[in-house]
Amino acid sequence: MLDKHYDPIAVEEGKYAGWVEKGYFTCGDKTKQPFSLVIPPPNVTGKLHLGHVMDTIPDDIIARYKRMKGYDVLWVPGMDHAGIATQAKVEEKLRLEGISRYDLGREKFLEKAWEWKAEYGKTIHEQWAKIGLSVDYNHERFTLDDGLSAAVRRVFVTLYNEGLIYQGERIINWDPELRTALSNIEVVHQDDEGEFFYFIYEVEGSDEKLIVATTRPETMFGDTAVFVNPKDERYRHLIGKKVYNPANGELLPIMGDSYVDISFGTGAMKCTPAHDPNDFALAKKYGFPLIKVLDESAHMNELAGEFKGMDRYECRKALVEKIKKEGHLDHIEKFVHSVGHSERSGCVVEPMLSKQWFVKMRPLAERVLAQQKSSEKVEFLPKRFEKVLTRWMSTCEDWCISRQLWWGHRIPAYYNKETGEVLVSETEPDMNLYVQDEDVLDTWFSSGLWPFATLGWPEKTEDFDRYFPTSVLVTGYDIIFFWVSRMIFQSLHFTDRIPFQKVVIHGLIRDEHGRKMSKSLGNGIDPIDVIAKYGIDALRYFITTNSTPGLDMRYSDEKLQSAQNYLNKIWNAARYVEMTLGEGYVPEPIDKKALGPLEKYILSRLQDTIKKVTAKMEQYQFGAASGILYDFVYDDFCSFYLEMSKVSMAKKENEAMVKATLYKVIKDIVLLIYPYCPFVMEEIYLSLPGAKESVMLESYPEYDASLHSPAAERNGKLLEEMIKAVRGFKAERKIAPNAPVKLIVSPKSPWKGIEEYLARFLFAKEVRFEKVESAQMEGFSFGKVDIYIEEDVNEDELRANLEKELEKLLFEVSRGEKMLSNPGFLAKAPKEKLDAEKAKLETNKMRLEAVKQRLAGLK
RNA sequence: GGAUGCUUAGCUCAGCGGGAGAGCAUCGCCCUUACAAGGCGGGGGUCGUAGGUUCGAAACCUACAGCAUCCACCA
């Protein structure tokens, strides 16, 4: 027997370990159809946050649901080494100990990083257990493990041989703090207030002056020209002449190019090929030298002369001061412009010329675009996110994949010590002759292989044959570029298949005020705290049911409380059922012939619910599925049937049939909610008579058409409406709810035995069935049946009430008549709607007639 | 500059072609042995604005406004 109160903490304690031990999450039953999914691997940077819960709970619900539906489910767990992010954390930790990674050297540093991974990997495992992920630990992978590393090497070498990976000198985004290159999408642009410096450039051999504006004066040491638009009347005559660079006095040619925007700044632009991508393109066009003036930590090099060794901002300040002194500063403007920041370190990214490895994106992206036009495309839920993918795929530039870090997959490129020639190879060459490239790969390079590399690729494995492509992927819209797109193109290129059939996109979780959770705001919510307060089941329920696919949601304590109350409700309903069944009850199948009208009603409602919930589950619409279930549990079962069953139980001959019904309904409810809230549902399930070892050994409830009866539902609804009407009547008239009344049902009983229910729930001393002619009573019309309350009534009140009712009915009838006399409606509305409206009108007319008669009787 | 989403009850949000819904809050009545973390009964909305399509629009289309987010550019 269940305790009186649902205590989530006690309920959740210890269950997970048992499930894992029993092997409930282990895949491999070949008699079943396979269903597979991979976890979005959390970074080993630290503890899990609510975002991970968002990522993994829908997966878990899907996995548990599909298992109950009879699939052989493989859910692959794993973690991501998260190159930059983890390295930054480890470096920070070292910094607190007063050491830098350079003090340690590569090997020792990597040892520290692996220690870090071991520690946080353990924490993540504990948290998976806490949130109840039904992953198959036999299949756990790590992006840096041997298998994944082999896959990475295979992919790199193949792409290189195909000419899809190349090494090149280009302007890349440089993070001067972490001292590594970044890809374009690792740069976060934000509007910063800066200064726009207008400098005076003197034209050689003339008194003329040219004013050029820049936001980054420190790069002027690397300038090679000044550009103007040849259509610009102001400057056209200057093209071909030279100006003095106010930073170092060197002569710069004035060039004309239509790239220059006449209306921006002064219409004259300096060209710094090694520190600006657009200038780089211009320089290539005109064959200018590429002059770097910054080192890898963004300090000035020798070309800056007296400013050498200064940090870029220090130099900027000092240089401007110097130019001002020399009379070459025209003015300074405040200027808000978008500045790139490193996603990881937050520092301002410096565009810089650098030799890096790139993936040539066009051919790979084209393949994705072609695939998405075919019938075997990756389906996005919601659909619109497919556009996010295709737009990105059609515009993205080559992907810079090398990182000047140590934590990651080292690039399998080797340089001949003598000739410097590059050898790209999966296996290590003779290291007496070669040295390996120092750099590692972007962390997303390996996560892009996740769905197939975790299944054993490039080896031919049974897992790969059986479980690939995976069935579904759940992730947030924020990593469609980073992750989803890359998995798709890598998978298409290397396996000729899409990596997953469907992608379910969820939104981000925000704080109560709708703000992004962030460290700087200090508004992050630790799932562990939430679990300690409400239990994981409530959190799981909240996170998957209070959101719409693809839209952000707000964290809400209230909603968690409400989720917990809901679970408490089910808990207590189950408790009541168990009390009613009694000790030693042996579950019996439903005997359809023995069912009473209300049992038929609730079982039919249950079938309807199963049908609808299953349909929503199949579409991964958890909010919709749980909503349908919620209404059934609260309204149909708890508020109505459960109460009615108490009356049924009063008769000995009903006992068996009612018990069987109660048992069936509560058990199905438990099974239907189980994927959402496995811990508490397991607890309830185990307390039910005839329970197996675990709820996980049960099947998902199947729709049974033979129990689905609209007629039975109408009978139940009629009783429900009658009860509601009389209760409302009492409340409105300030009559105590339990004040005894007499009821007359006119003209006759709608179904056998209804009087007992009416009597019990309306505290009726008497329920009679007879044709009522008199209007001297309060009454309610339910179409073919009326119900009257025999009581001393105030005639004025009665009249007022009847008139109110009359007015309402007149409106309804006129609405119906209008609709049904509209030729357009008659001609075009579907037949179902037409019939429904006709029936409704008929009922309302009957009601109206009844009310009119009674009003007439009063006068 | 381009794209997407949002705007519905006091608050947070569902609904997305056939009579406005939920949770919380609010008001009234109930400690009725499943549940007071509860029950029963109420009140509260011209569904952002303006046009259009349709027999019928909160829902579809077009503009506009406000709020978000993403991408691109920014000398």
Side-chain angles (χ1 to χ4, degrees), chain A residues 2 4-6 184-185 189 191 194 196-197 212-216 219 226-227 259-261 264-272 276 278-279 335-339 382 384-385 387-388 391-392 395-396 477-478 480-481 507-508 510 512 514 516 545-548 550-559 561-580 623-624 627 630-631 634 638-639 642-643 646 723-724 727-732 734-738 761 763 811-812 815-816 818-819 821-830 832-834 836-837 840:
Chain A
L2 294 166
K4 187 164 180 188
H5 284 294
Y6 158 52
N184 294 348
I185 48 177
H189 291 271
D191 280 348
F196 209 17
F197 303 93
V212 180
T214 179
T215 52
R216 296 193 299 158
T219 63
V226 169
F227 275 89
Y259 168 76
V260 179
D261 179 353
F264 191 85
T266 63
M269 178 194 101
K270 72 191 202 63
C271 176
T272 320
D276 183 282
N278 297 311
D279 295 2
F335 186 59
V336 175
H337 60 150
S338 145
V339 176
R384 75 185 125 92
F385 287 101
K387 263 190 270 174
V388 176
R391 217 160 58 80
W392 167 248
T395 57
C396 68
Y477 60 74
D478 54 330
I480 292 176
F481 300 153
L508 309 181
R510 297 167 172 277
E512 287 100 324
K516 246 185 182 166
T545 66
N546 279 87
S547 60
T548 316
L551 291 187
D552 291 352
M553 70 183 301
R554 293 187 196 205
Y555 175 84
S556 157
D557 260 313
E558 276 172 7
K559 297 247 160 118
Q561 187 62 56
S562 149
Q564 203 189 57
N565 292 349
Y566 176 44
L567 297 176
N568 184 58
K569 186 83 184 172
I570 298 167
W571 177 277
N572 275 292
R575 191 166 156 264
Y576 170 75
V577 171
E578 286 169 19
M579 282 164 59
T580 306
Y630 182 92
D631 289 345
Y634 254 95
C638 291
S639 297
L642 212 60
E643 296 302 328
K646 292 172 186 171
I723 289 173
K724 248 185 155 55
R727 276 177 174 165
F729 168 88
K730 285 183 168 178
E732 229 170 73
K734 308 266 185 259
I735 300 169
N738 55 359
F761 283 92
F763 299 92
F811 173 80
E812 297 295 345
R815 177 192 162 273
K818 226 163 101 187
M819 208 172 196
S821 63
N822 181 336
F825 180 78
L826 292 172
K828 296 183 183 175
E832 281 166 45
K833 178 67 188 164
L834 206 70
E837 284 300 331
K840 215 186 293 176

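Per chain, numbering begins at 1; letters A, B, ... match sequence-line order.
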Who pairs with B:C67 - Watson-Crick or G-U, where each distance is under 3.5 Å
B:G5
Which heavy atom in A:Arg727 sits nearest to a heavy atom in A:Phe761, and how many Å separate them?
NH2-CD2, 3.7 Å
For the pair made of CG in A:Leu508 and C1' in B:U4, what is the distance, rounded to whole Å?
14 Å
So which nucleotide does B:G38 pair with, by the Watson-Crick or G-U wobble rule with both distances under 3.5 Å?
B:C30
Roughly how far apart, to the nearest Å, are B:U49 and B:C35 at atom P?
47 Å
RNA chain B: 5'-proximal contact among A:Arg391 and A:Met553 (nearest heavy atom):
A:Arg391
Tell me whether the OP1 or OP2 atom of B:C40 has a side-chain N or O from A:Lys730 closer than 4.0 Å.
no
Interatomic distance where CG belongs to A:Leu834 and P belongs to B:G17 [whole Å]
21 Å
Roughly how many Å apart are B:G42 and B:G52, using the C1' atom of each and rounding to a whole number?
40 Å
Please determine whether a side-chain nitrogen or oxygen atom of A:Lys387 lies at a distance below 4.0 Å from atom OP1 or OP2 of B:C70.
no
With both distances kept under 3.5 Å, what pairs with B:G43, Watson-Crick or G-U wobble?
none
If you measure from the C1' atom in B:G44 to the same atom in B:A59, how many Å do you get, rounded?
23 Å
Answer yes or no: does a side-chain N or O of A:Lys4 lie under 4.0 Å from OP1 or OP2 of B:C35?
yes
In Watson-Crick or G-U wobble terms, both distances under 3.5 Å, what is the partner of B:G21?
B:C13
Between B:A72 and B:A9, how far apart are the two C1' atoms, rounded to whole Å?
41 Å
Opposite nucleotide pairing with B:U62, Watson-Crick or G-U, both atom distances under 3.5 Å
B:A50
Using atom CZ of A:Phe729 as one end and atom C1' of B:C40 as the other, report the distance to the nearest whole Å.
16 Å
Nearest to the side chain of A:Arg554, which nucleotide is it out of B:A34, B:A14, B:U12?
B:U12
Measuring only the P atom in each nucleotide, how far is B:A57 from B:G48? A whole number of Å is fine.
15 Å
From CG of A:Asp191 across to P of B:U69 the rounded distance in Å is 12 Å
Applying side chain to side chain contact (heavy atoms under 4.5 Å, CB included) to A:Tyr630 and A:Tyr566, what does each step give before you reach the verdict?
CA-CA 8 Å; A:Tyr630 182 92; A:Tyr566 176 44; 3.5 Å; yes
Rounding to an integer number of angstrom, what distance separates B:G45 and B:G51 when you compare their C1' atoms?
23 Å
Minimum heavy-atom separation for A:Val336 and A:Asp191, please, with both atom names.
CG1-CB, 4.0 Å
Looking at B:U12, I'd like to know if its phosphate oxygens (OP1 or OP2) sit under 4.0 Å from a side-chain N or O belonging to A:Ser556.
no
Evaluate the ring planes of A:Tyr6 and A:Trp571, with Trp represented by its six-membered ring, and classify them as parallel (under 30°), tilted (30 to 60°) or perpendicular (over 60°).
tilted
Charged tip of A:Lys646 within 45° of A:Tyr576 ring normal and under 6.0 Å
yes
Rounding to an integer number of angstrom, what distance separates B:U46 and B:A20 when you compare their P atoms?
14 Å
Taking only N and O in the side chain of A:Ser639, is any of them less than 4.0 Å away from OP1 or OP2 of B:C40?
yes
Rounded to whole Å, CD of A:Glu512 lies from P of B:U12 at a distance of 12 Å
Quick one: OG on A:Ser639 to CG on A:Asp631, what's the gap to the nearest 0.5 Å?
10.5 Å
By nearest-nucleotide position on RNA chain B, the 5'-leaning member of A:Val577 and A:Asn565 is A:Val577
Mind checking the P distance from B:A63 to B:U4? Whole angstroms is fine.
12 Å
Nucleotide paired to B:G56 in any strand shown, Watson-Crick or G-U, under 3.5 Å
none
Does A:Tyr259 form a side chain to side chain donor-acceptor pair (under 3.5 Å) with A:Asp279? I'd like the steps, not just the answer.
CA-CA 10 Å; A:Tyr259 168 76; A:Asp279 295 2; 5.8 Å; no
Taken to the nearest whole Å, CG/A:Asp478 to P/B:A68 is 19 Å
Whole-Å distance, A:Lys646 NZ to B:U32 C1', equals 8 Å
